[in-house]
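Just below is one structure, and these are the notes that go with it.
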Amino acid sequence: MKITVLSGGVGGARFLRGLRGHVRATDPTSTITAIVNTGDDMWLTGLRIAPDLDSIMYTLAGENDEVRGWGRVGESERVSAELRAYGVGWPWFTLGDLDIGTHLTRTSLLGEGMPLSAVTDRLASRWDLGVRLLPATDDEVETHVVVEDGTSMQFQDMHFQEWWTKHRAALPAREFVQRGVASASPAPGVLDALATADVIVLAPSNPVVSIGTVLGIPGIRDALAAASAPVVGISPIIAGAAVRGMADACLTAIGVETSADAVAAHYGARSSGGVIDAWLVDESDAALLPGIAALGIRAAAAPLWMHDLPTSQQLAADALALAASTASGNRRETSRG
Ligand code: GDP
Ligand code: CA
C-alpha cells in the first residue's frame, strides 16, 4: 500500500513515527511518503533553515530531543552563543551546534545548485527513516504574518518564525501571506505521490501555517481533489484546544473556531470542493460526529493524544481503518450508481 501524508513539523513527526511503527508491524511492504511544509523555512546568518523537514528527520532518526520537544538530543549551543556575542542573527532563536551542522550541509548543497528536494534526500539518506521526505516545493515560499503594531496602529509584516517564537503568537495576526507562492510549483514527486497513493492522510498538523501552506502551492489542492485514494484528516484540535503549540492563534486569525468540527468544515468535503473525505476526532469530541457527517464527511472518534510510540501507532491504525471504510463506502455508492 502507498500512503501519502501531508505534514507540518512536530505534530506531523509524531504521527509519521507512529505510522511507520504500524506499517513495520503489520505490512512492511507498504511505503510512506511525507509531503512537508516549507513555509517556515528561512535564511538566518547565511544558513537555510527548514524547521519542519528537520523536525521530522530528527524524530524518525530517533535523534530528536523528546524533553524539549524540538531539535537534537544531546545538543550544545556554543555556536549560537558566539553569534549572539557578535550581535548577528536572532537572539531569541537558538540554533544548536548539531543542528547547525544540518543547516551548513543544506546550505552548501543548495549553493552547488541542488534543489531542496534532492538536498533533503541526501540529508535523509544518512538515517534509516522508513519514510520518504518530500518538501512541498523546491521554490522559496515563506509564510509572513501581518500584525497590527499596538503603538503605531500600523500594520507590520514579519516572518512567521518571528511571530511564533519571539512573540509567542501573542500579537493578533491579521493575515498570513505566503511569499513567493504564486510562482511556486510542487517539488518533483509530490503530484505523483498524490496521484498514485492508496491512502492520503492529513496529519494532525497546524491547519493554517502547515497544511494550509502545502495546499496553497499551485497544483497540490487540485491533485488532492483528483486523487483516487480516500483522503483522511486527523484533528489537531482536541476538546476545543490546540494540543501542543499555539495553532488556535492561527485559526482565530483566519476566522475559524478552535474546534475539531470547525477545522473539518474549513477543510471541507471533497465531494463539495474541499479536500477531505473523512475526519478523525478525539473520543472527547464524539458529540461532534453527527455535525461533521452532515458536511458530507465520514467521521469517527478515537484517542488522538500522541503521548508515545504506542499511542501514535494506534492513531495511525485508526486513521487507516477509517480510510479503508471510506474507500469501501465510496465503492458501494459508485456501484449503486
Ligand atoms: P509544527 O510545524 O511544529 O507546528 O507542527 P505541526 O504543524 O505538524 O503540528 C502542530 C499541531 O499539531 C499543534 O498545533 C497541535 O494542534 C497538533 N498536535 C500536537 N500534538 C498532538 C497530539 O498528540 N495529538 C493531536 N491530535 N494533535 C497534536
Ligand atoms: Ca512548522
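We number each residue from 1, following the sequence as shown. Predicted model only: the values in this text are computed from it and were never measured.
Note: Ile49 CD1 to Ile100 CD1 = 8.0 Å, rounded to the nearest 0.5 Å. To the nearest 0.5 angstrom, Leu47 atom CG is 4.5 Å from Thr107 atom OG1. Here Leu44 contributes atom CG and His159 contributes atom NE2; the two are 9.5 Å apart, rounded to the nearest 0.5 Å. Note that CG of Leu83 and OG1 of Thr45 are 5.5 Å apart. Values are rounded to the nearest 0.5 Å. Note that OG1 of Thr59 and CG of Leu129 are 10.0 Å apart. Values are rounded to the nearest 0.5 Å. For the atom pair CD of Glu148 and CG of Leu171, the computed distance is 10.5 Å after rounding to the nearest 0.5 Å.
At least one donor-acceptor pair under 3.5 Å links the side chain of Gln178 to the backbone N or O of Thr213. Under a 3.5 Å cut-off, the side chain of Asp97 and the backbone N or O of Arg78 do form a donor-acceptor pair. Between the side chain of Thr38 and the main chain of Asp41, no donor-acceptor pair closer than 3.5 Å is present. Looking only at distances, no side-chain donor or acceptor of Arg20 sits under 3.5 Å from a matching main-chain atom of Gly130. In this structure a side-chain-to-backbone donor-acceptor pair under 3.5 Å is missing from Asp65 to Trp70. Counting only distance, with no hydrogens or angles, the side chain of Asp139 and the backbone of Ser185 share a donor-acceptor pair below 3.5 Å. One N or O on the side chain of Glu75 and one on the backbone of Leu98 form a donor-acceptor pair closer than 3.5 Å. Side-chain atoms of Thr4 do not come within 3.5 Å of backbone N or O of Leu194 as any donor-acceptor pair. Listed for the Asn37 side chain is no donor-acceptor partner under 3.5 Å among the backbone atoms of Val214. The main-chain N or O of Gly8 is found under 3.5 Å from a side-chain atom of Ser205 such that the two form a donor-acceptor pair.
Smallest separation of non-hydrogen atoms from Ala327 and Pro230: CB-CG, 3.9 Å. The heavy-atom pair separating Asp282 from Trp305 by the smallest distance is OD1-N, 4.3 Å. Nearest approach of Pro91 to Gly89, heavy atoms of both residues: CD-O, 3.6 Å. Residues Pro188 and Ser117 approach most closely at CD-OG, 3.7 Å, considering heavy atoms. The two atoms that bring Ser30 and Val23 nearest to each other are CB-CG1, 3.7 Å, heavy atoms only. Annotation for Ala173 and Ala253: closest pair O-CB, 3.5 Å, computed over non-hydrogen atoms.
Looking at Met1 and Leu320, their side chains come closer than 4.5 Å, going by heavy atoms from C-beta outward. Counting heavy atoms from C-beta on, the side chains of Asp54 and Arg106 come closer than 4.5 Å. Put simply, the side chain of Leu60 does not reach to within 4.5 Å of the side chain of Trp127, judged on heavy atoms. Within the 4.5 Å cutoff, the side chain of Thr120 has heavy atoms near those of the Leu116 side chain. In this structure the side chain of Ile254 reaches within 4.5 angstrom of the side chain of His266, judged on heavy atoms. Side-chain contact between Cys250 and Trp163 is present, with heavy atoms from C-beta onward closer than 4.5 Å. Contact of the Trp164 side chain with the Asn206 side chain is registered, since non-hydrogen atoms from C-beta on lie closer than 4.5 Å. Side-chain atoms of Val131 and Ile56, non-hydrogen and from C-beta on, never get closer than 4.5 Å to each other.
The pair Asp99-Arg68 does not meet the salt-bridge criterion, since no charged nitrogen lies less than 4.0 angstrom from a carboxylate oxygen. Between Glu63 and Arg72 there is a salt bridge, with a side-chain nitrogen of the basic residue lying less than 4.0 Å from a carboxylate oxygen of the acidic one. A salt bridge links Arg179 with Asp157: the closest approach of a Lys/Arg side-chain nitrogen to an acidic carboxylate oxygen falls below 4.0 angstrom.
Looking only at atom types and distance, the side chain of Thr311 has a donor-acceptor partner in the side chain of Asp308 under 3.5 Å away. Side chains of Arg122 and Thr105: no donor on one and acceptor on the other come within 3.5 Å.
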Test side-chain contact (heavy atoms from CB on, under 4.5 Å) applied to Leu6 and Leu215, step by step: CA-CA 9 Å; Leu6 268 58; Leu215 293 174; 3.9 Å; yes
Derivation and outcome, side-chain contact (heavy atoms from CB on, under 4.5 Å), residues Thr102 and Tyr58: CA-CA 10 Å; Thr102 305; Tyr58 297 153; 2.7 Å; yes
Arg48 vs Trp43, side-chain contact (heavy atoms from CB on, under 4.5 Å): CA-CA, chis, key distance, verdict: CA-CA 5 Å; Arg48 187 65 179 166; Trp43 286 100; 3.1 Å; yes
Verdict with reasoning, Val147 to His167, per side-chain contact (heavy atoms from CB on, under 4.5 Å): CA-CA 11 Å; Val147 298; His167 298 287; over 6 Å; no
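Under a hydrophobic-cluster definition in which Ile, Leu, Val, Met, Phe, Trp and Tyr are linked whenever side-chain heavy atoms come within less than 4.5 Å, directly or via other members, Ile234 and Val199 are assigned to the same cluster. At a threshold of 4.5 Å between side-chain heavy atoms, the hydrophobic network of Ile, Leu, Val, Met, Phe, Trp and Tyr places Leu322 and Leu289 in two separate groups. Val190 and Val5 fall into different hydrophobic clusters, where Ile, Leu, Val, Met, Phe, Trp and Tyr are joined by side-chain heavy atoms under 4.5 Å apart, directly or via other members. Residues Met246 and Val208 share a hydrophobic cluster, clusters being chains of Ile/Leu/Val/Met/Phe/Trp/Tyr side chains in contact below 4.5 Å. Val209 and Phe15 fall into different hydrophobic clusters, where Ile, Leu, Val, Met, Phe, Trp and Tyr residues are linked whenever their side-chain heavy atoms come under 4.5 Å apart, directly or through other members.
Taking the six-membered ring where tryptophan is involved, the planes of Trp90 and Phe93 are perpendicular, since the angle between them exceeds 60° and thus also 30°.
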